[in-house]
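Here is the structure we will look at.
The analysis underlying the following values was restricted to heavy atoms, covering all of them including side chains, and did not include hydrogens, waters or symmetry mates. Residues take their numbers from the sequence shown, with the count starting at 1.
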Amino acid sequence: GAQDRPYLLGVHTFYRALIAGALGGGRNAVVLLRQSEAEGSASLGNQDGNQFWIAFDSVRDYPPFQELMRPKG
């Protein structure tokens, strides 16, 4: 969380969200995913084929997580 180098593009925040999701912290996972997207992380748009998404298995039934993952457009 203390990383502030240029061009991180939210990747460090995405990894924090992965950790929160793996630990079952639904609220923190959603907050960090939204923050990583705002910082420029493209990870939310690449759900298919990404081995990291298994970390969110424990929060898949959490309604704010479901809303965040719902396809938009």
How long is the straight-line distance from NE2 of His12 back to OG of Ser41, given to the nearest 0.5 Å? 10.0 Å
For Gln35, side-chain contact (heavy atoms from CB on, under 4.5 Å) partners two or more places apart: Thr13, Leu32, Glu39
Please enumerate all residues that pass salt bridge (charged side-chain N to carboxylate O under 4.0 Å, His left out) together with Arg60, with sequence neighbours excluded. Asp57
Taken in chain and number order and not counting sequence neighbours, the residues that satisfy side-chain contact (heavy atoms from CB on, under 4.5 Å) with Val59 are Phe56, Tyr62, Phe65
Work out which heavy atom in Gly24 is nearest to a heavy atom in Ser58; give both atom names and the distance. CA-OG, 3.4 Å
Atom CG of Leu23 and atom CG of Leu18: how far apart are they, to the nearest 0.5 Å? 11.0 Å
With a 4.5 Å heavy-atom cut-off, do Asn28 and Arg16 have their side chains touching? no
Under 4.5 Å between side-chain heavy atoms, counting indirect links through other Ile/Leu/Val/Met/Phe/Trp/Tyr residues: same cluster for Phe14 and Val31 or not? no
Which atom of Ala29 lies closest to which atom of Gly21, heavy atoms considered: CB-N, 3.8 Å
Electrostatic pair Arg70-Glu67, nearest N-O below 4.0 angstrom: yes
